[in-house]
Q: 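Below is a structure I'd like to ask you about.
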Number of protein chains: 2
Amino acid sequence: VVPSGGRTGLAGGAVAKDHEVVLSLVRMRRMHAIDVLGRTVVVEAGAVTQAVHEHVAEAGLVWPVDFASKGSSTVGGNIATNAGGVRVIRYGHTRQWVLGLVVVLATGEVLRLNGALEKNNTGIDLRQAFIGSEGVLGVVTEATLRLTRPAPKPTVLLFSVDGLAGVLQLFRNVRDKDFTLGAFEFFTDRCLARVMRHRRVADPLRGASHYVLVELESAAEEPVVAWFEELLEGGLVTDGTMAQTSDQARALWTLREGISESLSATGLPHKNDIALPIAELEPFCAELETVFTERYPHFEICLFGHIGDGNLHVNVMKPDALDKDAFFATTHDLDRHLFELVRAHDGSVSAEHGIGLLKKGWLEYTRSATEIELMRALKKVFDPNGILNPGKIFDL
Amino acid sequence: VVPSGGRTGLAGGAVAKDHEVVLSLVRMRRMHAIDVLGRTVVVEAGAVTQAVHEHVAEAGLVWPVDFASKGSSTVGGNIATNAGGVRVIRYGHTRQWVLGLVVVLATGEVLRLNGALEKNNTGIDLRQAFIGSEGVLGVVTEATLRLTRPAPKPTVLLFSVDGLAGVLQLFRNVRDKDFTLGAFEFFTDRCLARVMRHRRVADPLRGASHYVLVELESAAEEPVVAWFEELLEGGLVTDGTMAQTSDQARALWTLREGISESLSATGLPHKNDIALPIAELEPFCAELETVFTERYPHFEICLFGHIGDGNLHVNVMKPDALDKDAFFATTHDLDRHLFELVRAHDGSVSAEHGIGLLKKGWLEYTRSATEIELMRALKKVFDPNGILNPGKIFDL
């Protein structure tokens, strides 16, 4: 039985490859009345992320789980993958925004976990086992979501900086200010070049190797302007611009959010979604550069990500001169070099996308043999006959 | 083997009652260098909460897990009980402030979970199983803690309101303002009377049945003052005071934080720490009043708690005329009435203190038989011979 939601996953977690039964939850999409005082809402697993946003907006509230595929991803899938996105630096993962779960076990038994309780210290918190376990332990059918008030209208700024060191210096600088950081995203000139080509937009800054998009929440405008001027004068950035209107803010976000689509439209990317401890980002990227220069000098790497969470999207572009099969024949080796580096720097082979089918062969690069054995043992507790999402994350 | 830290637990989770070996972690109290950019610190399990606060303050950072027993509670114990406290409404539980764990399993194997990764979506998150499971699955020996910047200096206010309905009306009102709520605590006149008696302080307000202490973080003072005046004029509160100095703020906090101590100093309390969904607080408290009026008319109830999290501390005082044994002979029945009400309102028999030995008999009032069976099965996976903290939470 393969539980299936909005089918927006990027690791094959909802793919039925061995004639399994697909259990689609998309018609279980009821959303119940909002508890305004408690700031909670009960929704079924098939409710689409954006529909939840619109539903709770009527009560002036937000469910801050937000990412590009929100128009089709479902709450059940968000929970099964503990979805992240561009707001993690501000709001954390999906885990933080789920109070209660209704889960159907492999036996057909229904577990009702935690309901609408904020505090409940009564033994092992089983709810946490289901969040992020990609449907291998049970099928989430309903959730009580935690809501919050919308953040104040943010200010969006774009900077160019010198190299990854410049990105991290800017990160250190802004975190020590009294702003609430809503987003801190970076991308390289190669990503931007492809967005400019595909979206026919201009570079709003004097060119540089690295760009940073910063979103700040601040009650007052003056401290933001003062900080912006201080950065330009102090030389911590090589250039910068601050959106004055919401159209300008959207235009700056396009440079970041248009990357994935532009890479696919202008070439053939091989994608990886990795994470490093923040302290390891700089040495990791330097070694990554070396590996690619030495081994794959003709491959273009497009690097971007949510740097504030240590999350890098590493995209390797197929050279025009190389045919598709020859390119994909090299990517497994390439991944091995990449993941060996990730392991050496205590990183993760999957920051947000999950393991599913696609990353199963690399699981041991992040999780120890004992951990994987314990995962298998937990699977046996919840699903002794192995009928739920078989072959995902690990084989039994 | 009973893991033991600062021995501040309130549910007997670290009590060796059957000649078990106590494994004290208090000498494993090393604290490593702070990663300022990543905002993390690695500490051993025996590090005292307050020592961690002081250690990270040197880097201008905070670990926002904070409660009355911070002077002796240890990080390992905080993790084992997923400790809460007065800051949960602002910062969440301990779970949110732990990135990595080192855990020793019953076999002696050492698990290193997640390290310093903010994002790591690689299968079942085993780390979560250990947080809040009171040492029955493994012994936490080290943790990578997530740190944050200190909040701006808060404003502390005290209000008197009409009944629990008034408390909840004020809660709804303040949550819709643009303030960040640092704390929202309530207590009844009976609690205050005992604090006044024990601490020899005066009631700063015109008397009422219910009191609310509010702590607000706000960059500017004017909106807080405007809100305070609006409340007094609008009749949502019967009286109020706003601390002008940090001494005054401390004095207001004393009225709330002095309650536990004052109840014990002026009488003999029977304590319970329960939680309700916020939407259930009002009907629950009304029924609680009825149960006590009908069944225990001579018992004084002192009610206080972190109302913003649905957390109530229910203290029943021994009547002076009743002797101790006669009083404690009634408390089991009294608990049953209380927990039946808790169950009827989908609440928790232990909001923060845990189950340990003390609440074991009441576990089924909050967790279903299937949940308890699953907990037992997880215990068997991690500790097949049942040597770790035996008899805590549930019997095998």
Q: Could you tell me which portion of B:Asp176 (side chain, backbone, both or neither) has an atom closer than 4.5 angstrom to a non-hydrogen atom of chain A?
A: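 Contact with chain A involves both backbone and side-chain atoms of B:Asp176.
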Q: Among residues 121-128 of chain A, which residues come closer than 4.5 Å to chain B, judged by heavy atom distances?
A: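 From residues 121-128 of chain A, the residues near chain B are A:Asn121, A:Thr122, A:Gly123, A:Ile124, A:Asp125, A:Leu126, A:Gln128.
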Q: At a heavy-atom distance under 4.5 Å, which candidate from A:Val136, A:Asn311, A:Ile274, A:Asp346 has the highest pair count against chain B?
A: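 Between A:Val136, A:Asn311, A:Ile274, A:Asp346, the count favours A:Asn311.
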Q: So, do A:Asp178 and B:Arg149 sit near enough that their side-chain heavy atoms are less than 4.5 Å apart?
A: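 SC-SC contact between A:Asp178 and B:Arg149 confirmed.
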Q: Side chain, backbone, both or neither: which part of B:Thr81 has a heavy atom under 4.5 Å from chain A?
A: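 The answer is both parts of B:Thr81.
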Q: Quick check for you: among A:Arg175, A:Glu352, A:Glu371, which has the greatest number of heavy-atom pairs under 4.5 Å with chain B?
A: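 Heavy-atom pairs under 4.5 Å are most numerous for A:Arg175.
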Q: Report which part of A:Arg172 has an atom under 4.5 Å of a heavy atom belonging to chain B: side chain, backbone, both, or neither.
A: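 Both parts, heavy atoms under 4.5 Å.
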Q: Quick one: what part of B:His353 sits under 4.5 Å from any heavy atom of chain A, side chain, backbone, both or neither?
A: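 Answer is backbone: N, CA, C or O of B:His353 sit under 4.5 Å from chain A.
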Q: Please classify the contact of A:Asn114 with chain B as side chain, backbone, both or neither, using a heavy-atom distance under 4.5 Å.
A: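 It is neither, since no heavy atom gets under 4.5 Å.
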Q: Which heavy atom of A:Ala377 sits nearest to which heavy atom of B:Val381, and what is that distance?
A: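 Here A:Ala377 and B:Val381 meet closest at CB-CG1, 3.5 Å.
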Q: So which of A:Lys380, A:Lys392, A:His93, A:Glu134 has the largest heavy-atom pair count under 4.5 angstrom toward chain B?
A: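 The answer is A:His93.
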Q: Please state whether the side chain, the backbone, both or neither of A:Glu109 comes within less than 4.5 Å of a heavy atom of chain B.
A: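 The side chain, not the backbone.
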Q: Drop me the distance from B:Arg112's CZ to A:Thr370's OG1, to the nearest 0.5 angstrom.
A: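 Separation between the atoms: 12.0 Å.
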Q: Which bit of B:Lys177 is near chain A, if near means a heavy-atom gap under 4.5 Å: side chain, backbone, both or neither?
A: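 Backbone only.
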Q: Please classify the contact between B:Ile393 and chain A as side chain, backbone, both or neither, with a heavy-atom cut-off of under 4.5 Å.
A: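 Only the side chain of B:Ile393 comes within 4.5 Å of chain A.
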Q: A:Lys119 and B:Ser348: which non-hydrogen atoms are nearest, and at how many Å?
A: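 Smallest heavy-atom distance, with atoms named: O-CB, 4.0 Å.
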Q: If you count the non-hydrogen atoms of other residues, nucleotides and ligands that lie under 6.0 Å from CD in A:Glu282, is the total more than 12?
A: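 Yes - once you tally the heavy atoms of other residues, nucleotides and ligands closer than 6.0 Å, there are more than 12.
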Q: What part of A:Asp35 gets closer than 4.5 Å to chain B, counting heavy atoms only: side chain, backbone, both or neither?
A: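 Contact with chain B involves the side chain of A:Asp35 alone.
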Q: Side chain, backbone, both or neither: which part of B:Arg367 has a heavy atom under 4.5 Å from chain A?
A: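 Just the side chain, heavy atoms under 4.5 Å.
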Q: For chain B, which of A:Gly92, A:Gly115, A:Gly38, A:Gly356 has the most heavy-atom pairs under 4.5 Å?
A: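 The answer is A:Gly38.
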Q: Could you check A:Leu281 against B:Leu37 for side chain to side chain contact (heavy atoms under 4.5 Å, CB included), going step by step and ending with a plain yes or no?
A: CA-CA 11 Å; A:Leu281 278 169; B:Leu37 186 59; over 6 Å; no
Q: What are the residues of residues 94-104 of chain A, in order of number, with any heavy atom under 4.5 angstrom from a heavy atom of chain B?
A: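 Answer by number: A:Arg95, A:Gln96.
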Q: Any idea which of A:Ala275, A:Pro277, A:Ala11, A:Ser350 has the most non-hydrogen atom pairs under 4.5 angstrom with chain B?
A: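 Greatest number of close heavy-atom pairs with chain B: A:Ser350.
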Q: Tell me, side chain or backbone of B:Leu137 under 4.5 Å from chain A's heavy atoms, or both, or neither?
A: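 The side chain, not the backbone.
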Q: Can you tell me which of B:Ile278, B:Asn120, B:Ile355, B:Leu276 forms the most heavy-atom pairs within a distance under 4.5 Å of chain A?
A: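 Between B:Ile278, B:Asn120, B:Ile355, B:Leu276, the count favours B:Asn120.
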